[in-house]
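Note sheet for the following structure.
In listed order, ligands and their atoms are each counted from 1. Only heavy atoms go into these numbers, but all of them, side chains included; no hydrogens, no water, no symmetry mates.
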Amino acid sequence: MANSSENNISAPLVKIIGRPGSAEAYTIRDFLHRCDIPYEWIECKSNEEAKKLAGVEGLFDRNLPVCLFPDGTRQENPNIKQIIEKLGWFRNPSRSEYDLAIYGAGPAGLSAAVYGASEGLKTILVEQYAIGGQTGSTSKIENYLGFPQGISGSELAKRAWEQADRFGAEIILARQGVRAEFTPAKGVGYLDDGTKIIARTSICATGVQYRRLGLPNENQFLGKGLYYGAGASEAAYTKGKHVFIVGGGNSAGQASMHFAPYADRVIIVIRNKSLKETLSQYLVERIHNTKNIEVLTETEVTALHGNEFLEEITVMDRKTGEERKEKTHSVFVCIGGEPHTQWAVEVGIIRDEAGYLVTGPDLLQQGKPPEKWPLDRTPYYLETNIPGVFAAGDVRHNSIKRCASAAGEGAMSVAFVHRYLSEG
Ligand SMILES: Cc1cc2nc3c(=O)[nH]c(=O)nc-3n(C[C@H](O)[C@H](O)[C@H](O)COP(=O)(O)OP(=O)(O)OC[C@H]3O[C@@H](n4cnc5c(N)ncnc54)[C@H](O)[C@@H]3O)c2cc1C
């Protein structure tokens with residue numbers, strides 16, 4: 001019944017008590033896992049257990065899930081903002097104006113915050129959810145320089161957070177940048193709660209958001225058996241289960257290795273003929289050598305079924321068109337992502353066809369900067385077509401889509417921020 005966050009060996013800071021398949025409880029677990037906060041998930045299976053363990057009327061009491069903190073605080077069905085407040089992480093911007101505002105706290109944004117703040121810039125970093133971005137859903141990053149045994153995404157993010165904080169960067173969590181206005185040497189970012197951030201330069205490091213399957217009832221099962229990303233917080237709760245992973249990229253491959261020690265069967269569903277086309281060789285070999293991982297090639301998920309939570313999926317053989325049903329409570333969708341940069345259109349920032357922000361040399365046509373570019377020089381390497389507004393990491397057109405390159409671009413973008421500021 002009780003499981004600890006396997007990522008963390010210290011005593012649980014938060015006990016989460018809820019019913020099986022609860023989307024709200026999943027959101028809390030996912031958030032705490034990404035922040036590397038130790039927690040204990042206590043799943044109630046009956047009305048009696050809910051009464052006894054959570055002190056509520058029964059399994060379907062709307063006060064579930066209940067969170068208990070070591071100081072005795074009890075939160076009933078809390079949202080992420082309430083949890084952040086309880087952890088003492090909620091803050092408002094302390095300054096009326098900054099040198100640098102960064103949007104997105106994945107590796108690119110965190111790195112920009114470390115370099116910006118350590119080099120004396122008044123720096124603020126805004127993150128819509130939890131620190132770490134995509135790395136937060138990664139059980140182990142094995143190719144990041146300096147960690148020969150690999151490092152979990154949440155640990156990497158927490159270390160970067162501490163580092164940025166130590167240098168004095170202000171970090172605002174659980175609030176989203178929704179709109180922007182840029183005039184020469186001044187950017188105004190508006191957050192979803194109405195907070196306004198004024199800064200001389202801005203870095204957009206908003207990465208990509210997971211692509212969806214495109215099935216009609218996806219929202220119904222979100223967090224209730226259907227998850228986006230590699231589900232780093234969920235492996236320990238899949239004992240004895242059949243787990244489906246949709247996608248054939250490295251993130252799907254890593255997820256399958258992460259679930260294999262716990263689940264009975266891990267089934268990877270891919271559209272291609274083999275994993276070799278999309279997966280690193282070392283992962284292909286590990287997957288083939290792991291007995292309880294199966295690969296369904298040339299197959300796709302075409303329907304989701306269930307009531308309160310996901311119970312079954314339909315998979316289709318793309319060669320024959322034949323469909324069959326498979327029982328499962330756990331489907332993890334790892335089919336890549338797309339940038340959400342609609343705000344950029346409104347302010348005239350140039351995007352490519354897929355919505356990625358175009359920067360530096362990619363903006364030039366026959367060696368000339370785009371129309372309305374106001375300066376004598378051409379845009380710096382990571383600069384958009386608005387002077388002083390930069391893009392770093394996965395959100396950038398032609399970026400490499402790796403942790404190390406995102407962190408590198410974060411650092412580089414700060415070097416260009418200095419050059420821009422020195423222009424006066
Ligand atoms: C499961 C998985 C496994 C991976 N494994 C590896 C690996 O082993 N090695 C490797 O090198 N790479 C790996 N990657 C890729 C790597 O994680 C990404 O390339 C990297 O995280 C990109 O960093 P980023 O900072 O550009 O963007 P992201 O990590 O996408 O971070 C962007 C952040 O911006 C936030 N955001 C978005 N919009 C807003 C807004 N409007 N306001 C405020 N915040 C916003 C998001 O919430 C997010 O936190 C993996 C990715 C996944 C999904």
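- Residues Leu279 and Asn250 have side chains in contact (heavy-atom distance under 4.5 Å, counting atoms from C-beta outward).
- Heavy-atom contacts from other residues, nucleotides or ligands closer than 6.0 Å to NZ of Lys122 number 12 or fewer.
- Nearest-residue assignment for atom 41 (N) of ligand 1 (options Ser280, Ser251, Gly177; heavy-atom criterion): Gly177.
- The contact set between ligand 1 and Gly133, taken as ligand atoms under 4.0 Å from a residue heavy atom, comprises 29 (O), 31 (O), 48 (C), 49 (O).
- Below 30°, between 30° and 60°, or above 60°: for Trp161 and Trp89 the angle between ring planes is above 60°, a perpendicular geometry.
- An N or O contact shorter than 3.5 Å is missing between Tyr210 and ligand 1 by distance.
- With distances taken over non-hydrogen atoms, the option nearest atom 39 (C) of ligand 1 out of Leu283, Thr206, Val208 is Thr206.
- When the heavy-atom distances from atom 27 (O) of ligand 1 to Gly207, Gly109, Gly393, Gly336 are ranked, the shortest goes to Gly207.
- The distance criterion of under 3.5 Å between nitrogen or oxygen atoms is not met by Tyr129 with respect to ligand 1.
- Those atoms of ligand 1 that come under 4.0 Å of a heavy atom in Gln176, given as number and element, are 40 (C), 41 (N), 42 (N).
- The pair Arg34-Glu127 does not meet the salt-bridge criterion, since no charged nitrogen lies less than 4.0 angstrom from a carboxylate oxygen.
- Considering CD of Gln75 and CD of Gln82, their distance stands at 6.0 Å, rounded to 0.5 Å.
- Using a 4.0 Å cut-off between a side-chain N of Lys or Arg and a carboxylate O of Asp or Glu, Arg166 and Glu162 do not qualify as a salt bridge.
- Below 30°, between 30° and 60°, or above 60°: for Tyr237 and Trp41 the angle between ring planes is above 60°, a perpendicular geometry.
- For NZ of Lys291, the number of neighbouring non-hydrogen atoms (other residues, nucleotides, ligands) closer than 6.0 Å is 12 at most.
- The protein non-hydrogen atom at the shortest distance from atom 34 (O) of ligand 1 is Gly104 CA, 3.2 Å.
- Judged by the 6.0 Å distance and 45° axis criteria, Lys81 is positioned over the aromatic ring of Phe90.
- Distances below 4.0 Å separate heavy atoms of Ala205 from the following atoms of ligand 1: 32 (C), 33 (C), 34 (O).
- Considering only heavy atoms from C-beta on, Leu375 comes within 4.5 Å of Glu423 through its side chain.
- Taking the six-membered ring where the residue is Trp, Tyr380 and Phe416 present parallel rings, their angle staying beneath 30° rather than reaching 60°.
- Nearest to atom 50 (C) of ligand 1 among the protein's heavy atoms is Thr138 OG1, 4.3 Å.
- Looking only at protein heavy atoms, the nearest one to atom 9 (N) of ligand 1 is Asn143 OD1, 2.9 Å.
- By the 6.0 Å contact criterion, OH on Tyr381 is open, its count of non-hydrogen atoms from other residues, nucleotides or ligands being 12 or less.
- Salt-bridge check for Glu43 with Lys239: failed, with every basic side-chain N at 4.0 Å or more from each acidic carboxylate O.
- Closest to atom 51 (C) of ligand 1 by heavy atom, among Arg34, Arg396, Gln134, is Gln134.
- In this structure, Phe259 places its CZ atom where more than 12 heavy-atom neighbours from other residues, nucleotides or ligands lie under 6.0 Å away.
- One option in Gln254, Arg402, Glu409 has a heavy atom closer to atom 6 (C) of ligand 1 than any other, and that option is Gln254.
- For atom 26 (O) of ligand 1, the closest heavy atom belonging to the protein is Asp394 N, 2.8 Å.
- When only non-hydrogen protein atoms are considered, atom 12 (N) of ligand 1 lies nearest to Cys403 N, 3.4 Å.
- Between Glu127 and ligand 1, at least one pair of N/O atoms sits closer than 3.5 Å.
- Distances between N or O atoms of Val395 and those of ligand 1 include no value under 3.5 Å.
- Here is the list of ligand 1 atoms found below 4.0 Å of a heavy atom in Ala108: 25 (O), 26 (O).
- At least one heavy atom of Gln209 sits closer than 4.0 Å to an atom of ligand 1.
- Polar contact with ligand 1: present for Pro107 (N/O pair, distance under 3.5 Å).
- For atom 14 (N) of ligand 1, no protein heavy-atom neighbour is present inside the 4.0 Å cut-off.
- The atoms of ligand 1 that sit less than 4.0 Å from any heavy atom of Val126 are 43 (C), 44 (N).
- Checked by distance only, ligand 1 and Gln128 come closer than 3.5 Å through their nitrogen or oxygen atoms.
- Against a heavy-atom cut-off of under 4.0 Å, Ile141 is close to the following atoms of ligand 1: 7 (C), 8 (O), 9 (N).
- Heavy-atom contacts from other residues, nucleotides or ligands closer than 6.0 Å to CD of Glu371 number 12 or fewer.
- Atoms of ligand 1 lying under 4.0 Å from at least one heavy atom of Lys401, given by number and element, are 19 (O).
- When each atom of ligand 1 is checked for a heavy atom of Ala406 under 4.0 Å away, the hits are 22 (C), 23 (O), 26 (O).
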